[in-house]
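Below is one structure; the comments refer to it alone.
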Amino acid sequence: MKILVVNAGSSSMKFQLIDVEAHEVLAKGLCEKIGLGEGIFSYGIDEKVTSNPVMNDHSEALKLVLDSLVNGKGAPISSLDEIGAVGHRIVHGGKYYGQSAIIDDELIARVEELKSLAPLHNGAGLIGIEACKKLMPGKPMVAVFDTSFFNTLPASAYMYPIPYEYYEKYAVRKYGFHGTSHRYVAQRTAEFLGEDIKNLNIVTCHIGNGASCSAVKGGVAIDTSMGLTPLDGLMMGTRCGAIDPSIVTFLEEKENLTAQEMDTVLNKKSGFLGISGVSSDLRDVAAAADEGNERAALAYEMASSIIRKYIGMYTFAMGGVDVITCTAGVGENDVRMRKMVFEGLEGLGIKLDPEKNNTFGGDRVISADDSKVKILVIPTDEEFMIAKDTYDLVK
């Protein structure tokens with residue numbers, strides 16, 4: 001069965017067409033800088049074809065994806081009818097979904113209801129679902145939720161120290177996100193090292209335009225940096241991450257902002273964009289830092305420092321760490337960020353190898369041979385996890 005996987009992020013959309021039974025990727029690509037003017041569309045497995053279309057929103061991006069599958073160079077299918085099902089990455093399943101589920105009207109309504117908890121993502125996921133319904137009517141679809149991997153968090157990790165009644169009334173708690181990626185990367189880390197995951201303490205670092213760290217002890221997630229929404233935790237492309245909560249009310253009063261306007265500030269105007277004043281895309285920020293832009297350099301220093309803090313917290317939470325694994329666009333490709341995160345940690349048994357760090361592509365070790373803690377780069381494969389869950393449910 002051919003499964004189309006749609007993975008919509010805040011400013012990007014990954015896609016793959018996967019033959020699950022053969023464990024073969026038939027086509028894949030990436031839409032980047034959605035809604036940021038001139039975009040980047042790359043398509044292909046061995047040889048990538050790149051173009052720079054303007055994609056004003058995720059709906060336009062998805063139309064481009066579907067056209068490439070049927071009419072693009074080396075198109076793997078002649079008709080959308082050849083696609084057996086569609087698997088969608090949906091960020092927030094809230095209290096409703098502890099596992100993947102077939103998409104129906106009830107699920108769509110619940111994902112819409114939860115949009116306020118993941119404003120940059122659930123909306124994008126819904127656009128993808130609606131576009132697929134329109135272009136491929138009757139095609140079975142499955143939602144794979146980022147939150148499901150973190151159902152194993154203990155109450156001491158997922159509860160907030162606010163009046164308990166808000167948990168009872170509104171289910172206010174930590175849910176965690178990027179779960180599909182953290183699940184894949186933790187499993188792949190153990191496989192790559194030839195170890196039983198039950199014997200490993202792993203800190204997984206999913207660092208992209210959105211970013212999160214997780215503590216995975218014996219294959220089970222025990223804590224993660226994102227919370228009720230994807231806004232918490234690390235500094236991100238446009239999201240602030242963890243800040244003093246009083247900043248919210250302080251700025252609302254000083255700037256005469258509504259709650260919705262303040263939400264926009266924290267979700268869409270902060271992070272790398274807010275600090276650097278250059279862009280939410282780290283490639284642009286890195287180029288500006290190289291040119292001497294002090295605010296761009298500060299953004300990198302802040303982000304790397306915050307990642308280090310979470311690695312430290314989760315090391316202590318698990319009683320030690322065996323492996324730290326980096327993944328996602330920045331984690332896999334940004335030599336500068338990894339250097340800044342791991343530099344100076346030799347006294348803790350964490351030693352980066354500069355030459356290994358300056359490598360690209362594939363699963364790899366970037367720690368020094370004498371490092372007590374392994375540092376890995378594992379390219380995430382959320383798409384296969386989504387395809388497998390979709391296949392299992394539809395079949």
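For the single chain, residues carry numbers from 1 onward in sequence order. In this text, all values refer to a predicted model and were calculated from it rather than measured experimentally.
The side-chain heavy atoms of L257 and T264, taken from C-beta on, include no pair separated by under 4.5 Å. R173 is not listed as a side-chain neighbour of K95, based on a closest heavy-atom distance of 4.5 Å or more. Using a 4.5 Å heavy-atom threshold, the side chains of L64 and P53 count as touching. At least one side-chain heavy atom of L193 sits less than 4.5 Å from a side-chain heavy atom of L376. Side-chain contact between L228 and L117 is present, with heavy atoms from C-beta onward closer than 4.5 Å. Counting heavy atoms from C-beta on, the side chains of M1 and V20 never come closer than 4.5 Å. Side-chain contact between I90 and I103: absent, with no pair of heavy atoms (C-beta onward) separated by less than 4.5 Å. Counting heavy atoms from C-beta on, the side chains of M385 and Q187 come closer than 4.5 Å.
When D381, I386, L26 are each tested for a side-chain contact (heavy atoms from CB on, under 4.5 Å) with Q16, only one passes: D381. Screening L348, I324, I306 against I311 for a side-chain contact (heavy atoms from CB on, under 4.5 Å) leaves a single residue, I324. Screening E382, H206, E332 for a side-chain hydrogen bond (donor to acceptor under 3.5 Å, both in side chains) with T327, the sole residue that qualifies is E332. Here the options are I307, N357, I375, the test is side-chain contact (heavy atoms from CB on, under 4.5 Å), and the partner is F342; only I375 passes.
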What's the verdict on side-chain contact (heavy atoms from CB on, under 4.5 Å) for L69 and K2, showing C-alpha distance, side-chain angles and the deciding distance? CA-CA 12 Å; L69 292 176; K2 297 182 181 71; over 6 Å; no
Could you please spell out the steps behind the side-chain contact (heavy atoms from CB on, under 4.5 Å) verdict for L231 and N267? CA-CA 7 Å; L231 183 61; N267 270 295; 3.6 Å; yes
side-chain contact (heavy atoms from CB on, under 4.5 Å) assessment of N209 paired with S12: CA-CA 9 Å; N209 191 269; S12 65; over 6 Å; no
For E191 and R188, what are the C-alpha separation, side-chain angles and deciding distance, and is it a salt bridge (Lys or Arg N to Asp or Glu O under 4.0 Å)? CA-CA 5 Å; E191 293 171 0; R188 180 59 192 149; 3.4 Å; yes
Go through the steps for E130 and I108 under the test side-chain contact (heavy atoms from CB on, under 4.5 Å), then give the verdict. CA-CA 9 Å; E130 291 302 321; I108 290 172; 3.8 Å; yes
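For R283 (side chain) and D281 (main-chain N/O), no donor-acceptor pair under 3.5 Å exists by modelled atom type. Formation of a donor-acceptor pair under 3.5 Å by the S270 side chain with backbone atoms of V265 is found in this model. Side chain of Y43 to main chain of G72: no donor-acceptor pair is present (N/O by atom type, distance under 3.5 Å, no hydrogens or angles). In this structure, the side chain of D146 engages the main chain of H178 through a donor-acceptor pair within 3.5 Å. Of the possible donor and acceptor atoms, none in the side chain of D353 sits under 3.5 Å from a partner among the backbone N and O of S367. Formation of a donor-acceptor pair under 3.5 Å by the K139 side chain with backbone atoms of L80 is found in this model. A donor-acceptor distance shorter than 3.5 angstrom exists from the side chain of Y314 to the backbone of T224, with no hydrogens or angles considered. Under the 3.5 Å distance criterion, the side-chain polar atoms of S280 are left unmatched by any main-chain donor or acceptor of G237. With N333 contributing its side chain and G329 its backbone, the two residues share a donor-acceptor pair below 3.5 Å. Although no hydrogens or angles enter the test, the distance criterion places no donor-acceptor pair under 3.5 Å between the side chain of D389 and the main chain of V144.
Here the closest non-hydrogen pair linking G128 and L62 is O-CD2, 3.5 Å. Here the closest non-hydrogen pair linking R338 and G331 is NH1-O, 3.0 Å. Looking at every heavy atom in both residues, D284 comes nearest to S279 through OD2-OG, 3.1 Å. Taking each heavy atom of A61 and I34 in turn, the nearest pair found is CB-CD1, 3.8 Å. When all heavy atoms are compared, the tightest approach of C31 to V65 is SG-CG2, 3.9 Å. Taking every heavy atom of both residues into account, A242 and D232 meet most closely at CB-OD1, 3.5 Å.
Ionic pairing of K388 and D392 is present here: one or more N-O contacts between side-chain nitrogen and carboxylate oxygen are shorter than 4.0 angstrom. Ion pair K115/E112 flagged as a salt bridge, since at least one NZ, NE, NH1 or NH2 atom sits closer than 4.0 Å to an Asp/Glu carboxylate oxygen.
Taking a 6.0 Å sphere around CD of E165, one finds it holds more than 12 heavy atoms contributed by other residues, nucleotides or ligands. The local environment of CD in Q99 is sparse, with at most 12 non-hydrogen atoms from other residues, nucleotides or ligands closer than 6.0 Å. Within a 6.0 Å sphere centred on CG of D105, other residues, nucleotides and ligands contribute 12 heavy atoms or fewer. For OH of Y160, the number of neighbouring non-hydrogen atoms (other residues, nucleotides, ligands) closer than 6.0 Å is greater than 12. The neighbour count for E168 CD, taken as heavy atoms of other residues, nucleotides or ligands under 6.0 Å away, is above 12. Within 6.0 Å of the NZ atom in K217, the count of heavy atoms belonging to other residues, nucleotides or ligands exceeds 12. Counting non-hydrogen atoms of neighbouring residues, nucleotides and ligands closer than 6.0 angstrom, the CG atom of N256 reaches no more than 12 such neighbours. Remark: K356 NZ is packed, more than 12 non-hydrogen atoms of other residues, nucleotides or ligands lying under 6.0 Å away.
Not counting sequence neighbours, the partners of E82 by the side chain to side chain donor-acceptor pair (under 3.5 Å) test are S78. A search for side chain to side chain donor-acceptor pair (under 3.5 Å) contacts involving K174 returns D223, not counting sequence neighbours. Listed by chain and number, the residues in a side chain to side chain donor-acceptor pair (under 3.5 Å) with T380 are S181 (sequence neighbours excluded).
Residues M340 and I366 share a hydrophobic cluster, clusters being chains of Ile/Leu/Val/Met/Phe/Trp/Tyr side chains in contact below 4.5 Å. A continuous path of Ile, Leu, Val, Met, Phe, Trp and Tyr side chains, each step under 4.5 Å between heavy atoms, connects I129 with L114, placing both in one hydrophobic cluster. Following chains of ILVMFWY side-chain contacts shorter than 4.5 Å, one cannot reach V278 starting from I275, and the two form parts of different hydrophobic clusters. Cluster membership check: V70 shares its hydrophobic cluster with L66, using side-chain heavy-atom separations under 4.5 Å among Ile, Leu, Val, Met, Phe, Trp and Tyr. Taken together through direct or relayed side-chain contacts under 4.5 Å among Ile, Leu, Val, Met, Phe, Trp and Tyr, M236 and L282 form parts of separate hydrophobic clusters.
Relative to the ring axis of Y96, R110 places its NZ or CZ within 45° and under 6.0 Å from the centre.
No donor-acceptor contact under 3.5 angstrom links the side chains of T180 and R89, judged on distance only.
The other members of the hydrophobic cluster of F360, by chain and number, are V335 (side-chain heavy atoms under 4.5 Å, ILVMFWY only). In the hydrophobic clustering, where aliphatic and aromatic side chains (Ile, Leu, Val, Met, Phe, Trp, Tyr) are joined below 4.5 Å either directly or transitively, I40 stands alone.
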When the side chains of residues 297-305 are checked against the rest of the protein, which donor-acceptor pairs come out under 3.5 Å, sequence neighbours left out?
| residue | atom | partner | partner atom | Å |
| --- | --- | --- | --- | --- |
| Y300 | OH | D334 | OD2 | 2.6 |
| S304 | OG | Y300 | O | 3.0 |
| S304 | OG | E301 | O | 3.1 |

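Ring geometry for H182 against F150 counts as perpendicular: the plane angle is over 60°, on a 0 to 90° scale with 30° as the lower cut.
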